[in-house]
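To start, I am sharing the structure in question, which I have written as structure tokens.
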Amino acid sequence: MRVRVLPLDALAHMFSDWPVTLLTAPGQAVTVCVENYRTAGMVEDAEYVRAALRAFDELASEAFSTRESARLIGEQMEKLS
């Protein structure tokens, strides 16, 4: 697993309201698993999947590197200790 921190000043995106998981099947088909308070749903609609993949790519381009994210997380953990 790789964790990357998104800066607080990043623009709003479609993943802001609920957890989303992008699942890639062996045949490379992507499904979006959308979770909320009590339920989860699988979305296979091609247009929604494309929008989710674009949003993920945009977020990944704004996120700190893995190393920088680990450093920031470590700093926050020290502050809480």
Side-chain angles (χ1 to χ4, degrees):
M1 178 190 301
R2 190 176 337 157
V3 175
R4 294 179 60 197
V5 175
L6 191 63
L8 291 175
D9 62 352
L11 297 175
H13 52 83
M14 72 183 294
F15 299 147
S16 295
D17 293 334
W18 52 78
V20 174
T21 304
L22 302 172
L23 305 168
T24 305
Q28 302 303 314
V30 177
T31 301
V32 179
C33 178
V34 180
E35 303 172 48
N36 63 34
Y37 175 67
R38 297 183 141 232
T39 63
M42 304 299 272
V43 181
E44 295 176 337
D45 175 69
E47 186 174 326
Y48 187 86
V49 169
R50 279 192 298 276
L53 290 170
R54 276 193 308 274
F56 179 82
D57 288 343
E58 289 172 7
L59 290 174
S61 72
E62 292 187 43
F64 294 117
S65 70
T66 304
R67 182 168 293 182
E68 182 66 11
S69 295
R71 186 186 67 73
L72 290 171
I73 291 168
E75 286 176 1
Q76 293 303 312
M77 289 175 67
E78 286 180 18
K79 289 179 183 178
L80 295 172
S81 301

Practice task
Over all heavy atoms of both residues, which pair between Pro7 and Ala63 is shortest? Give the atoms and the distance, please.
Solution key: CD-CA, 4.1 Å
Exercise for the section: With sequence neighbours left out, write down each residue that passes side chain to side chain donor-acceptor pair (under 3.5 Å) with Asn36, or none if nothing qualifies. Expected result: Thr39
Exercise for the section: Check the pair Leu22, Val32 against side-chain contact (heavy atoms from CB on, under 4.5 Å), reporting the backbone distance first and the verdict last. Expected result: CA-CA 5 Å; Leu22 302 172; Val32 179; 3.7 Å; yes
Please report, to 0.1 Å, the donor-acceptor pairs under 3.5 Å made by any side chain of residues 69-81, with sequence neighbours excluded.
| from | atom 1 | to | atom 2 | distance (Å) |
| --- | --- | --- | --- | --- |
| Ser69 | OG | Val5 | N | 2.6 |
| Ser69 | OG | Phe64 | O | 3.4 |
| Ser69 | OG | Ser65 | O | 2.9 |
| Arg71 | NE | Glu68 | OE1 | 3.2 |
| Arg71 | NE | Glu68 | OE2 | 3.4 |
| Arg71 | NH1 | Glu75 | OE1 | 3.4 |
| Arg71 | NH1 | Glu75 | OE2 | 2.1 |
| Arg71 | NH2 | Glu68 | OE2 | 2.4 |
| Ser81 | OG | Met77 | O | 2.9 |

Pair up each side-chain donor or acceptor in residues 43-62 with any protein partner under 3.5 Å, not counting sequence neighbours, and list the distances.
| from | atom 1 | to | atom 2 | distance (Å) |
| --- | --- | --- | --- | --- |
| Asp45 | OD2 | Glu47 | N | 3.4 |
| Asp45 | OD2 | Tyr48 | N | 3.1 |
| Ser61 | OG | Glu58 | O | 2.7 |

